[in-house]
Amino acid sequence: MGPITANDNPAMIDLRNLSRWYGRFQALREVSFQLAPGRVGLLGPNGAGKSTLLKILLGLLPPSSGSGRVLGHVLGEDSAALRRTIGYMPESDALVPGLRGAEYVALAGELYGMPRREAQRRAHEVLTYLELEEARYRRLEEYSTGMKQRLKLAQALVHDPPMLLLDEPTSGLDPAGREAMLRLLLTLGREHGKAMLLSTHLLGDVECVCDTVLILHQGRLLLQGSVAELCRRRHDRYRLQIQGDATTFREELRLEGVRILHDNGRGELRVVVPPGWATRTFFALADNHRLLLRGIQPDDEDLEELFHRVLNEEGRHGRESEPGRDA
Amino acid sequence: MGESRNQAATPELLHYRPWRGAFRPPIASVWPIARVALMSLFRKWMFWVIYVLGLLIFLLFFFGQYLLSWAQTQAGETEVQLGGWGRTNPRQLIQLFRGLLKLDGGPQTYHNFFSYQGYIVMIVLALAGSILIGNDLRFGSLPFYLSKPLSRWHYLLGKGLAVAVFINLMTTVPALLLYAQWGLLESWDYFYERFDLLLGILGYGAVLTVTLTLLLLATATWLRRTVPLIMTWTTLFFFFRLLASALVDGLRFSPRWRLIDLWNSTSLIGRTCLGVPPRPMAFANQPPWHEAALILGGVSLLCLIYLIRRIQAVEIVR
Amino acid sequence: MPDLLDSPDSGRGDRPLTAGLDLSFHETINPNHSLTVAAPTAAPLLLCQRVSKWYGPVIGVNQVTLELRSGITGLVGANGAGKSTLLRLITGHLRPDLGCIQVRGWDAWSTEARQHVGYCPETDAFYEEMSGRQFVESMARLCGYSRREARKRTEAVLERVGMAGRAERRLRGYSKGMRQRIKLAQALLHDPELLVLDEPLSGIDPVGRWEFIRLFRDLAALGKCLLISSHELEELEKLTDHIAIMAHGRIAAVGTVAQIRDRLDNHPLLIRIDVRGHSHAEHGNEREARRLAAALLKLRDVVGVELLDSPPDESVDPVLVRARNPQRFFQELTHLVLEEWYEIARLETLDDSTQAVLGYLLRGCSA
């Protein structure tokens with residue numbers, strides 16, 4: 001069997017009306033989507049069906065109904081061949097105590113079906129790439145959280161899969177570690193053409209790494225699309241950072257027809273301006289009141305707002321259409 | 001950004017390189033699983049004390065056989081004075097020793113060897129159960145294994161293989177060495193005449209392997225930690241043994257009560273395999289061997305069913 | 001996030017604390033600090049004075065001085081920087097080897113002090129077989145409340161953390177968010193003034209995190225003082241801008257993010273300015289950005305200007321400026337804009353987020 005790269009196949013994931021039942025509980029409801037290879041963020045609150053979806057994509061669970069393909073592999077057929085094309089980075093620690101770093105990654109390679117020597121060679125290569133060179137011969141028990149996380153990435157990369165499935169790759173990392181991990185993922189996706197599906201609770205991760213986002217809620221696909229396109233552009237909204245006492249400044253803004261949506265009390269104002277507004281006025285008003293205007297940003301919707309907007313809309317919609325639904 | 005410039009400046013070494021090659025079928029991952037499990041078993045220095053003990057027992061048998069055999073060829077026909085006890089022929093004396101110590105290449109030799117090594121294996125297994133499989137459940141290593149292109153069967157097979165290899169390294173393999181040694185020391189005819197002993201050794205080894213492997217995997221999956229595992233094994237193999245002998249020998253219950261003693265059952269089947277003549281006196285009233293076999297088969301089956309159910313229930317993605 | 005926008009300005013009334021601990025860089029701490037902070041009114045809620053703690057030869061916390069009066073304070077830093085140790089010292093779970101910690105004037109080790117402190121630990125060690133309600137109730141009993149009082153308080157705190165309706169299940173089956181809620185509930189039982197929360201936001205889904213943030217704000221609005229350690233800086237920024245940064249067991253800086261940023265003199269601010277439109281005819285058809293860049297270079301505090309490519313779908317030209325002395329720079333920029341008629345579409349400091357500040361500080365430490 002020849003290796004499959006992301007580019008050979010037009011669709012990374014192609015699901016058609018996929019459902020999954022656990023007894024009488026329906027975890028996934030008629031989910032359909034097509035994704036071109038890229039960096040995809042999978043979002044959803046607890047119980048949205050994210051882990052069920054991941055299990056199905058890994059071939060660990062068959063779909064109850066509907067069909068799907070992952071990189072050309074039909075779901076529910078040859079799950080071993082499917083998993084060979086995916087590098088899975090689990091959320092849990094998933095370490096084998098007693099092993100050393102290089103042995104652990106080589107074992108992963110062997111389990112993926114690489115010949116032993118190849119797996120060992122490749123383990124060292126991947127660990128060097130992930131800047132764990134020094135820690136290669138240390139026991140896994142001695143690894144720090146950040147190192148463990150990179151080690152988990154290493155074991156998912158060892159067989160050079162065309163696609164990575166990442167479950168909370170930044171959980172437990174400190175800010176510096178998180179930044180490094182996100183940069184790594186971005187490089188892997190952009191420069192080495194790895195398709196990736198990133199499931200996370202941290203919207204910032206998705207914003208940083210992914211170009212496409214999927215939002216699941218109560219087993220349904222609520223939203224799919226590119227992050228840039230989904231977030232609303234709001235040309236009449238600004239976020240202002242000011243330094244100094246803003247009471248009179250706010251009054252004056254109101255008189256000019258500016259509506260103040262929010263004042264966080266720490267010098268940040270979110271405002272709606274009337275049509276034909278020139279930002280020069282902000283400077284003029286600030287100068288009048290001896291304030292320092294330190295920031296003016298177009299207040300476009302970010303992923304967090306998008307996420308909550310979509311969930312709220314769904315909540316309202318859901319309550320109207322299905323009054324007796326149990327949570 | 002400073003970082004990206006830094007990264008661009010790093011030498012070729014740190015670049016990601018693709019890998020292309022043929023993958024092997026999932027069954028090929030059974031041995032790596034077993035190898036890693038064995039490796040972690042042999043990395044615990046504490047266990048080496050017990051391994052050395054096992055080695056000593058083997059050496060005792062090995063050199064015991066060798067020395068007595070050598071002494072027999074060296075001893076002349078002349079009778080020697082044994083203190084104030086009278087005179088005797090040394091050859092007869094050595095023959096007597098061999099008979100008493102059961103170092104005569106007969107079925108009892110191998111049975112004795114198996115039961116001594118068996119104790120050692122039991123101790124190691126009780127200590128090692130959590131390392132072999134319990135830790136995988138406790139520290140969540142299972143998702144690591146099962147997210148790879150292999151099924152739960154391959155995983156169990158790999159772990160089972162590790163235990164099996166370990167048990168056989170401690171019992172069957174050295175027993176076969178003793179068998180070969182005896183043949184070489186005495187005469188080549190031994191291999192032809194006592195071919196049944198070879199089969200017996202293999203059979204006994206197989207029974208021990210299958211029962212202990214399944215029992216260990218099941219109890220270690222259930223209990224996960226070392227201390228409860230040791231307590232359970234002590235109960236199973238020590239207190240049940242006491243209880244059985246108290247019931248049968250003391251209270252004169254039916255010998256069937258001995259069936260609660262699993263160790264006795266394996267030993268009984270081992271005797272049957274090797275063809276050891278029924279022992280007189282103490283342990284005479286034994287249940288028939290096929291009932292013991294039935295019990296062991298049942299226990300093994302139960303363990304297997306439990307294992308499958310337990311491993312099926314593991315959530316790989318939480 | 002309409003709810004976050006609409007919520008009243010809960011974090012506002014709690015600024016006085018900045019006065020007590022105006023940005024004390026560790027190196028500059030005055031040994032007589034304790035004399036200068038002797039407040040005329042009540043003793044401060046929390047006062048750590050030159051606290052150190054060792055684990056064998058390993059130093060966990062190294063001469064930390066910190067004072068809190070009210071409001072929300074974020075504690076940030078790398079893994080292993082000593083945050084959890086400091087929190088456990090404050091809650092009286094550990095005893096400092098040097099220095100002293102006082103809560104409302106009581107030694108943190110004493111029972112009196114503990115009545116003022118609620119602690120929500122990072123690890124979750126529960127009796128897995130209990131239900132959430134049983135767990136909280138037994139914790140209340142351990143606090144010494146009578147059965148009736150314990151039940152009453154349990155219901156109150158469960159209500160507060162939003163668990164009243166689902167506290168019957170066993171803890172074993174709880175999601176991480178529910179565990180965090182239960183931990184918070186038991187910390188609130190005795191209605192403490194100071195809440196010490198170790199990574200309360202980790203592992204919670206976005207909806208839960210959002211509810212938690214609102215809950216923390218409400219608690220702060222009730223006059224509680226919250227000390228929250230977190231790795232999720234974006235979330236922390238929504239709660240508060242008053243942070244304490246820990247590195248290598250020491251407090252590297254305390255204050256608002258802006259204050260700390262302004263103190264980092266060796267890292268000039270990186271500011272992006274998007275300008276709209278073309279210049280007047282006298283300069284030919286030159287872009288406004290070029291004119292602005294030239295004008296900016298004349299300012300005293302500007303150390304560098306860079307013209308960036310304009311984003312594909314917008315009619316603006318970004319200029320990247322590096323400037324020292326932010327106060328004066330922004331003042332002069334305002335004058336420039338007003339006098340020279342620039343239309344600024346965006347004015348954004350790129351490196352004044354908590355993340356950036358933390359990065360600069362920690363890189364400074366390790367270098």
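We name chains A, B, ... by the order of the sequence lines, and we start the count at 1 in each one.
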Practice prompt. For side-chain hydrogen bond (donor to acceptor under 3.5 Å, both in side chains), just list the numbers for A:Tyr238 and A:Thr279, CA-CA rounded to whole Å, side-chain angles, deciding distance to a tenth of an Å, and then say yes or no.
Written response: CA-CA 9 Å; A:Tyr238 286 99; A:Thr279 52; 5.8 Å; no
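Formation of a donor-acceptor pair under 3.5 Å by the C:Arg291 side chain with backbone atoms of C:Glu340 is found in this model. In this structure, the side chain of A:Glu229 does not engage the main chain of A:Ser226 through any donor-acceptor pair within 3.5 Å. In this structure, A:Lys152 contributes its side chain and A:Ser92 its backbone to a donor-acceptor pair below 3.5 Å. Between the side chain of A:Glu256 and the backbone N or O of A:Pro274 there is no donor-acceptor pair closer than 3.5 Å.
For the options A:Leu311, A:Leu202, A:Thr145, heavy-atom pairs under 4.5 Å to chain C are most numerous at A:Leu202. Comparing C:Ile344, C:Val207, C:Leu333 by heavy-atom pairs within less than 4.5 Å of chain A, the highest count is held by C:Ile344. Of the listed residues C:Gln327, C:Glu199, C:Arg272, the one with more heavy-atom pairs under 4.5 angstrom with chain A than any other is C:Gln327.
Residue-level contacts of residues 285-294 of chain A with chain C, in order of numbering, are A:Asp287, A:Leu292, A:Leu293, A:Arg294; threshold 4.5 Å between heavy atoms.
Within 6.0 Å of the CZ atom in A:Arg280, the count of heavy atoms belonging to other residues, nucleotides or ligands exceeds 12.
Of the atoms belonging to A:Arg178, it is side-chain heavy atoms, and not backbone ones, that fall under 4.5 Å from chain C. Of the two parts of C:Gln331, the backbone and the side chain both hold a non-hydrogen atom closer than 4.5 Å to a non-hydrogen atom of chain A. Residue contact with chain C, scored on non-hydrogen atoms closer than 4.5 Å, involves the side chain of A:Gln243 exclusively. Neither the backbone nor the side chain of C:Ser202 has a heavy atom closer than 4.5 Å to any heavy atom of chain A. Contacts between C:Ala258 and chain A at a heavy-atom distance below 4.5 Å are absent for every atom of the residue. With a 4.5 angstrom heavy-atom cutoff, C:Ile273 does not touch chain A via any of its atoms.
None of A:Arg270, A:Glu268, A:Gln241 except one satisfies the side-chain hydrogen bond (donor to acceptor under 3.5 Å, both in side chains) rule with A:Gln297; the exception is A:Gln241.
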Side-chain polar contacts of residues 351-359 of chain C - donor-acceptor pairs under 3.5 angstrom, sequence neighbours left out - could you list them?
{"from": "C:Asp351", "atom 1": "OD1", "to": "C:Leu270", "atom 2": "N", "distance (Å)": "3.0"}
{"from": "C:Asp351", "atom 1": "OD2", "to": "C:Arg261", "atom 2": "NH2", "distance (Å)": "3.0"}
{"from": "C:Asp351", "atom 1": "OD2", "to": "C:Tyr360", "atom 2": "OH", "distance (Å)": "2.7"}
{"from": "C:Ser353", "atom 1": "OG", "to": "C:Ala356", "atom 2": "N", "distance (Å)": "3.2"}
{"from": "C:Thr354", "atom 1": "OG1", "to": "C:Glu237", "atom 2": "OE2", "distance (Å)": "2.7"}
{"from": "C:Gln355", "atom 1": "NE2", "to": "A:Glu179", "atom 2": "OE1", "distance (Å)": "3.0"}

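Between C:Phe212 and C:Phe216, the angle of the ring planes goes over 60°, which puts this pair in the perpendicular group of the 30/60° scheme.
Looking at A:Leu261 and A:Arg237, their side chains come closer than 4.5 Å, going by heavy atoms from C-beta outward.
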